[in-house]
Amino acid sequence: MVQRRDSDGARAWSTVEPAPPPPHSEDELVRRARALAGRRLEEVAARYGLRVPPDQRRHKGFVGQLLETALGATAGNRAEPDFPGLGVELKTLPVSPDGSVRESTFVCTAPMDGTLDVTWEASWVRHKLARVLWLPIVSEADTPLPERVIGGAILWSPSSDEDAVLRADWVDLADRLALGELGAANASHGVALQLRPKAARATDEAWMLGEDGEWVRDNPRGFYLRTSFTQRVLRARVRVG
DNA sequence: GACTGATCATGG
DNA sequence: CCATGATCAGTC
């Protein structure tokens, strides 16, 4: 443990810890995560000498990145699980105090160029969701970011029922993409899994396959989980009351 | 409140 | 450009 000057000036002294190394086991990861339950984000950030932005308008990835640091994730923005040695993906999930999930969950980008995986079993979506550590962040929409509270982590793999629901959606969406039905590549399809725009701007374009097999330019898409799905994941595994 | 399209930061 | 991390914000 070292002492350093506070990031915004010489007035305050604070105790700053280095980020922990990756956990060696799922048990260790879950213990670390559950040890954070009940802490405010500002408390966790302070350990690592980080300032919490007042809101996420310009820092939408802050919470995920903070918790990656706190739990010893290593993958950064590489195309690997957050904990490569464990094959576990970390997903923070905003929930209201009553336990309702407040946002959808991004899974991965959707290849629109005909390179979408051939089967659900081989799909990027399924690999991403094979093992997920859900970390609820308890807040209302107007709760300042520093005051948001970490909830009880859940280490999850899809049940056979959940897998079946996701597979059905994926197969349907993959069929549409294979046919170049870009008009159908919107959020209105899918019970649990949906396609949405995934780009910095609505005007961003990428090459993708059109209806007659021609190349067209359109806004990139990503796969997202609807809140109804993540809601059930949490409800099925968290004691209520 | 749910839903859908739009958007923000960062790194390679 | 693509990937990582997501939430914002308007409309129904």
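Naming convention: chains lettered A, B, ... in sequence-line order (proteins, then strands); numbering from 1 in each chain. All heavy atoms count here, side chains included; hydrogens, waters and symmetry mates do not.
When the P atom of B:dT7 is taken as reference, atom CG of A:Asn219 falls 9 Å away, rounded to whole Å. Between A:Arg58 atom CZ and B:dA6 atom P there is a gap of 18 Å when expressed in whole angstrom units. Rounded to whole angstrom, the span from the CG atom of A:Leu145 across to the P atom of B:dC8 amounts to 18 Å. Atom CZ in A:Arg221 sits about 13 Å away from atom C1' in B:dA6, given to the nearest Å. Here C:dC2 presents its P atom at 12 Å from CG of A:Asp218, a figure rounded to the nearest Å.
Comparing the end axes of the helix from B:dG1-C:dC12 to B:dG12-C:dC1, each fitted to five base pairs by superposing C1' atoms of four pairs onto the next four, gives an inter-axis angle of 30° (nearest 10 degrees).
Screening A:Arg196, A:Gln194, A:Arg226 for a side chain to side chain donor-acceptor pair (under 3.5 Å) with A:Ser104, the sole residue that qualifies is A:Arg196.
Scored by the side-chain hydrogen bond (donor to acceptor under 3.5 Å, both in side chains) test, A:Asp55 finds A:Arg57 as partners (sequence neighbours excluded). Every residue was checked against the side-chain hydrogen bond (donor to acceptor under 3.5 Å, both in side chains) condition with A:Thr227, not counting sequence neighbours, and none meets it. Residues meeting the side-chain hydrogen bond (donor to acceptor under 3.5 Å, both in side chains) test with A:Arg47, sequence neighbours left out: none. In terms of the ring-ring contact (aromatic ring centres under 6.0 Å, His included) criterion, residue partners of A:Phe106 (sequence neighbours excluded) are, by chain and number, A:Tyr224. Remark: A:Glu68 pairs with no residue by the salt bridge (Lys or Arg N to Asp or Glu O under 4.0 Å) rule, at least two apart or across chains. Every side-chain hydrogen bond (donor to acceptor under 3.5 Å, both in side chains) that A:Arg39 has, sequence neighbours left out, goes to A:Glu43. Residues satisfying the side-chain contact (heavy atoms from CB on, under 4.5 Å) criterion with A:Val30, sequence neighbours excluded, are A:Arg34, A:Leu133, A:Leu155.
Nearer to the 5' terminus of DNA chain B, by closest-nucleotide assignment, is the contact made by A:Val101 (compared with the other of A:Leu195 and A:Val101). Both A:Arg201 and A:Ser100 sit near DNA chain B, but only A:Ser100 has its closest nucleotide nearer the 5' end.
Closest non-hydrogen pair, A:Arg148 versus A:Ala141, comes out as NH2-O, 3.3 Å.
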Each nucleotide in nucleotides 4-12 of chain C should get exactly one letter: B, S or -. Can you fill that in based on protein heavy atoms under 4.0 Å? BBBBBS---

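For the contact set between residues 167-191 of chain A and DNA chain B, defined by any heavy atom under 4.0 Å, the members are A:Asn186, A:Ala187, A:Ser188.
The salt bridge (charged side-chain N to carboxylate O under 4.0 Å, His left out) pairs that include a residue from residues 201-210 of chain A are A:Glu205-A:Arg217, where partners are two or more places apart or lie in different chains. Listed by first then second residue, pairs satisfying side chain to side chain donor-acceptor pair (under 3.5 Å) with a partner in residues 108-133 of chain A read A:Glu26-A:Arg131, A:Asp113-A:Thr115, A:Trp120-A:Asp163, A:Arg126-A:Asp163, A:Arg131-A:Ser157, not counting sequence neighbours.
Nucleic acid contact class of A:Glu205 (heavy atoms, under 4.0 Å, all strands): sugar-phosphate only.
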